[in-house]
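Data first, discussion second: the structure below is written as structure tokens.
Protein chains get the first letters and strands the later ones, always in sequence-line order, with residue 1 at the start of each. In this text, all values refer to a predicted model and were calculated from it rather than measured experimentally.
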2 protein chains.
Amino acid sequence: MVEHKSQADLVFHALSDPTRRMMVERLSQRPLTVSELAEPLAMSMAGVSKHVGVLEKAGIVARHKRGRERVCTLQPDSLLAARDWVERYAQFWSERLDALDTALKEDGDE
Amino acid sequence: MVEHKSQADLVFHALSDPTRRMMVERLSQRPLTVSELAEPLAMSMAGVSKHVGVLEKAGIVARHKRGRERVCTLQPDSLLAARDWVERYAQFWSERLDALDTALKEDGDE
DNA sequence: TGATTACTTAACCATATGGTTGAACATAAA
DNA sequence: TTTATGTTCAACCATATGGTTAAGTAATCA
């Protein structure tokens, strides 16, 4: 057993599965119960529950009880953190192009 | 065998490992050879090569030969696509807060 | 040429993951 | 109170993943 995975590990891993990304997409529209999340999926309830559990451990969704149902809501913070991480390293290339552009202009001035 | 994973699957999975994220961080500074990528890691070259392979299949890095070395460079496109995906669904909450804000203001007018 | 360097590939291993079924649990409905 | 619904938990299974070592390839060095 690995001692404990980082939040980034959990979030990116959670998003690496198409079933879970579909759940995130649907939850971005409105909160849904586990049954509602299961409805379009050709999968057992237990399987769906495990997927929701992965999203929950990553901090991407929260579950709360409403009668005998569990309502799932998207939690923005971990998604925002993931976006920031990718954003930071996805920017490098345009920065380089900017630098190249600047360098070329300066070169042209000399 | 699963028929073929989507680009999003591959990119998010590639980023879910701390070793590979460290590689991405270092490559955002400058291109590095596989040996240079291996240097800070307590891992065999073969292990490092497999990690680079995962990043390459996800389209995050490209390898090209330079003599007997392989130089790895970060490729922005798949990172940008991942950022866009997360961005899209991470935004939902502020939109809701905006909507709530609007609703409250309208409510106040009545 | 032969030895060394920089890798990749193949085979393998332990553990993680994504799924299943079946039983358990809590709440709601009859 | 009994029964049905919504969900989770535990056990299990096949495959994927992250690592290893050993062997193979290709380029450089002596």
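Within the structure, the salt bridge (charged side-chain N to carboxylate O under 4.0 Å, His left out) test picks out the following pairs touching residues 8-19 of chain A (sequence neighbours left out): A/Asp9-B/Arg21. Every pair passing salt bridge (charged side-chain N to carboxylate O under 4.0 Å, His left out) that includes a residue from residues 73-87 of chain A is listed here, sequence neighbours excluded: A/Arg83-B/Glu87, A/Glu87-B/Arg83. For residues 48-57 of chain B, the set of pairs meeting the side chain to side chain donor-acceptor pair (under 3.5 Å) definition, not counting sequence neighbours, comprises B/Arg20-B/His51, B/Glu56-B/Arg63.
Contacts between residues 16-23 of chain A and DNA chain D, defined by a heavy-atom separation under 4.0 Å, are absent.
At whole-Å resolution of the value, CG in A/Asp9 and P in C/dT15 are 19 Å apart. In this entry the distance linking NZ of A/Lys57 with C1' of C/dG18 reads 13 Å, nearest Å. Counting to the nearest Å, the C1' atom of D/dT8 and the NE2 atom of A/His64 are 17 Å from each other. Here D/dG6 presents its C1' atom at 15 Å from CG of A/Leu32, a figure rounded to the nearest Å. In this structure, A/Glu39 atom CD and D/dG6 atom P are separated by 12 Å, rounded to whole Å. Taking atom CZ of residue A/Arg70 and atom C1' of nucleotide C/dA28, one finds them 15 Å apart after rounding to whole Å. Rounded to whole Å, the distance from CZ on A/Phe12 to P on D/dG18 is 15 Å. The CG-C1' distance, from A/Leu41 to C/dG19, rounds to 13 Å in whole Å.
A distance-only check finds a donor-acceptor pair linking the side chain of A/Arg26 to the backbone of A/Glu36 [under 3.5 Å]. Without hydrogens or angle criteria, A/Ser78 side chain to A/Gly59 main chain gives a donor-acceptor distance under 3.5 Å.
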side-chain contact (heavy atoms from CB on, under 4.5 Å) between B/Leu15 and B/Ile60, worked out: CA-CA 9 Å; B/Leu15 296 180; B/Ile60 296 175; 4.0 Å; yes
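By the side-chain hydrogen bond (donor to acceptor under 3.5 Å, both in side chains) test, A/Gln7 pairs with no residue at all, sequence neighbours left out. Applying the side-chain hydrogen bond (donor to acceptor under 3.5 Å, both in side chains) test to A/Thr73 and every residue at least two apart in sequence or in another chain returns A/Gln75.
Taking side-chain N and O atoms only, B/Ser49 has a distance below 4.0 Å to OP1 or OP2 of C/dT8. Contact between the side-chain N/O atoms of B/His13 and the OP1/OP2 oxygens of C/dA16 is not found at any separation under 4.0 Å.
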Contact state string [nucleotides 20-30 of chain D, B base, S sugar-phosphate only, - no protein heavy atom under 4.0 Å]: BB----SBBS-
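Between A/Trp85 and A/Phe12, the ring planes are perpendicular. Angles over 60° get that label, and only those under 30° would be called parallel.
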